[in-house]
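Note sheet for the following structure.
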Protein chains: 2
Amino acid sequence: MRVLGWQPERADERWPAMNHRRKPLYEQVVDDITTSIQAGTLKPGDKLPSIAQLTVQYGISNTMIKFALRILGERGLIETHQGKGSFVASPPQ
Amino acid sequence: MRVLGWQPERADERWPAMNHRRKPLYEQVVDDITTSIQAGTLKPGDKLPSIAQLTVQYGISNTMIKFALRILGERGLIETHQGKGSFVASPPQ
DNA sequence: GCTAATTTGTTCGTATGTATC
DNA sequence: CGATACATACGAACAAATTAG
């Protein structure tokens, strides 16, 4: 699966999102995964990396990853199951 | 507005929700406020207490209060505006 | 079938940024 | 301007479901 290797330049740059009205970090993750799904790189049924892996890949906290996954779940793009993981949902209609 | 004086017996009882499959704390807040809105105790345009106040009233952390408010917002029951507060939304249709 | 490891779920606390009053 | 209020973000601990061995 596509893994987006984006990393912040410095870990100390903790609130870059605010400085110049940049997108929040969790929203970047949401957009990133959404794009991958819409582009077909991530297909229905595909398993996303674990939260632990995503925190490393994106360089942000588990809190924000969970937040992003929750939003994606609300939007029906993914399904998350305790103990299993998160999976790309099958589109409706 | 209706303020529900529920408090956990002891602050140390941090994960009672799991012990016997109780509803998560944030979900209790969601249900509580939802009930008040549906019962008409909270009317459209009414301002909810601040997050700080809600943490005291419910005896849970700001994290969980924010989480609950976010869910209520997603469901269209309330509207939250930075610097202003949360307000009961006007029902659609 | 049991156990350990993995993975998500819930919860707390705290710090800093931004908008509004 | 100062106080108030929400937004974003980090880290950590423990619970519960699932999977791996």
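Residue numbering restarts at 1 for every chain, and letters A, B, ... go by the order of the sequence lines.
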Comparing A:Glu27 with A:Gly83, nearest DNA chain D nucleotide closer to 5' gives the residue A:Glu27

Here the distance between atom C1' of D:dT8 and atom CD1 of A:Ile60, to the nearest Å, is 11 Å

For this session: Kindly say if B:Tyr26 contacts the phosphate of C:dT11, meaning a side-chain N or O under 4.0 Å from OP1 or OP2.
Result: no

Test side-chain contact (heavy atoms from CB on, under 4.5 Å), reference A:Ile37, set A:Thr35, A:Thr34, A:Ile33, output is A:Ile33

Whole-Å distance, A:Lys84 NZ to C:dT8 C1', equals 12 Å

Residues 75-93 of chain A vs salt bridge (Lys or Arg N to Asp or Glu O under 4.0 Å), sequence neighbours excluded, gives none

Which of D:dT18, C:dC12, C:dT10 is nearest the side chain of B:Pro24? It is C:dT10

Examine distances only and state if a side-chain atom of B:Lys66 and a backbone atom of B:Thr63 form a donor-acceptor pair shorter than 3.5 Å.
no

To the nearest angstrom, the CE-C1' distance between B:Met64 and D:dC14 comes to 13 Å

Atom NZ of B:Lys47 and atom P of D:dA5 are separated, to the nearest Å, by 6 Å

- Is there a donor and acceptor pair closer than 3.5 Å between the side chain of B:Gln82 and the base of C:dT18? yes

Q: Assign B:Thr80 to base, sugar-phosphate, or nothing according to its heavy-atom contacts below 4.0 angstrom with the strands shown.
A: sugar-phosphate

Is there side-chain contact between A:Ile71 and B:Arg70, with heavy atoms separated by less than 4.5 Å? yes

Within residues 65-77 of chain B, the residues having a heavy atom closer than 4.0 Å to DNA chain C are none

Query raised in the report: Would you find a donor on one side and an acceptor on the other, under 3.5 Å apart, between the side chain of B:Gln53 and the backbone of B:Ser50?
Result: yes

In whole angstroms, the gap separating P of C:dG9 from NZ of B:Lys23 amounts to 18 Å

Relative to the ring of B:Tyr26, is the ring of B:Phe67 parallel (under 30°), tilted (30 to 60°) or perpendicular (over 60°)? perpendicular

- Message: Once you apply a heavy-atom cut-off of 4.0 Å, does B:Thr63 come out as touching a base, just sugar-phosphate, or nothing?
- Response: base

Between B:Lys23 and B:Asp31 the two heavy atoms that sit nearest each other are NZ-OD2, 3.0 Å

In whole angstroms, the gap separating P of D:dC10 from CG of A:Leu54 amounts to 14 Å

Taken to the nearest whole Å, CG/A:Leu48 to C1'/C:dT8 is 13 Å

Between CD1 of A:Ile51 and P of C:dT10 the distance, given in whole Å, is 11 Å

Assert: residue with more 5' nearest nucleotide on DNA chain C, out of A:Asn62 and B:His81, is A:Asn62

